[in-house]
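Read the numbers this way: they start at 1 and go in the same order the structure lists the ligands and their atoms. Just so it is clear, the structure is predicted and the values come from calculations on it, not from any experiment. Keep in mind that the numbers below use all heavy atoms, side chains included, and drop hydrogens, waters and symmetry copies.
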Amino acid sequence: MNVSELEVRLGELADQAVAELAQVARKEDAIQVKNRYLGKKGVVQELMQVLPSLAHEDKRIAGQASNQCKSAIEQAYEGQLARLERDELARRMESERIDVTLPARRPPVRSGHPLRQVEEELIDIFAEMGFDVAEGPEIESDFYNFEALNFPPDHPARDMQDTFMLDDGRLLRTHTSPVQIRTMLGYAPPLRVISPGRVYRVDSDITHSPVFHQIEGLLVDTNVTFADLKGTLAHFAERCFGPGTPVRFRPSFFPFTEPSAEVDIGCIFCACKGCRVCSNTGWLEVLGSGMVDPNVFDAVGIDSKKYTGFAFGLGVERIAMLKLGINDIRLFFENDLRFLRQF
Ligand code: FA5
């Protein structure tokens, strides 16, 4: 083969390879075509084995022709690869297109536990009347929970609050009233606080839970009378249960208040006519209250000749059950989402 024939043959091979590359549909096929022409044992290399037999001047011409042939094939190979990648991308963009009209997954709306919602509503009502929030510990000593509140050691009033005792003599507080004592020991009158929190009693049925929540109220100042207590709680009842809600004060007993009263609201389910919820009485009991007993003032070192005050304590579950129409207190503590999602 002379050098002219070699040039022609290399030109043909280049055309052939370029045409083949233009046909391939896959990257692997393109690599194969390229290797068949340009590989170590490829057709171009094979053809160039005539090189040693050529004259010196012809070798240079043959070298140039071979390089031209190789770069033509390389170029076609690179071009085809780029084309294949573009096509692949276009295909994926077509098939994997994001459907923006698909409704997004909604994150769950967090609304807070129904008890917490009601508790916050109640706190807001008292905050409007100028009460600050005070807090106390859930593990208490006998002194704060009973003694300073005028419960003598063997007084039967202790039986009303069946108590969880700890091994070291302390107890789980049975009401929020110990926060009255902590507040009066810590701050001088005038005082106007509420104290929301968790309390514990050995008590369990559909309206009583061993763990429940109370909000305590305490107001101490000069010239505070029972009329102030009545006005405050009547206003509270209207804000909590709606305008015109009647309230009734029934004589009662708490060791730490004198006089003491249970406070009922007119039944919101039957407009005081009498129904199953109010046991046909027309009234629903919502809280305990009274004027601070002078013995309590003595226990905390407040001059009972100068100051008077009132206190009250309400059960948050009780009020939440009335407001939300819930008939079993246990629903609050079971954490069943079917229940919780309704609020
Ligand atoms: C007291 O706990 C007094 N400390 C309230 C008080 C404060 C009176 C200040 C005077 C002055 P009583 O035991 O009645 O009182 O409880 C108050 C409220 O807590 C009740 O009206 C009731 O709504 C709620 N309650 C009592 N026991 C339970 C219970 N086991 N589960 C759910 N709620 C309860």
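Applying the side chain to side chain donor-acceptor pair (under 3.5 Å) test to His113 and every residue at least two apart in sequence or in another chain returns nothing.
Under a 4.0 Å N-O distance rule, the pair Glu285/Arg318 does not qualify as a salt bridge.
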Pairwise, report which nitrogen or oxygen atoms of ligand 1 are under 3.5 angstrom from protein nitrogen or oxygen atoms, and how far apart they are.
unit_1	atom_1	unit_2	atom_2	d
ligand 1	2 (O)	Arg201	NH2	2.9
ligand 1	2 (O)	Gln214	NE2	3.0
ligand 1	4 (N)	His175	ND1	2.9
ligand 1	4 (N)	Ser177	OG	2.9
ligand 1	13 (O)	Arg201	NH1	2.9
ligand 1	13 (O)	Arg201	NH2	3.1
ligand 1	16 (O)	Gln214	NE2	3.4
ligand 1	19 (O)	Gln214	NE2	3.3
ligand 1	30 (N)	Asp203	OD2	3.2
ligand 1	30 (N)	Ser209	N	3.4
ligand 1	30 (N)	Ser209	O	3.1
ligand 1	31 (N)	Ser209	N	3.0

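With no hydrogens or angles considered, a side-chain donor-acceptor pair links Glu317 and His213 at under 3.5 Å. Between Thr245 and Glu238, the side chains place no donor N or O within less than 3.5 Å of an acceptor N or O (distance only, hydrogens not considered). Side-chain polar atoms of Ser209 and Asp203 form no donor-acceptor pair below 3.5 angstrom.
In this structure, Tyr200 is not a member of the same hydrophobic cluster as Ile329, with clusters built from ILVMFWY side-chain heavy atoms closer than 4.5 Å.
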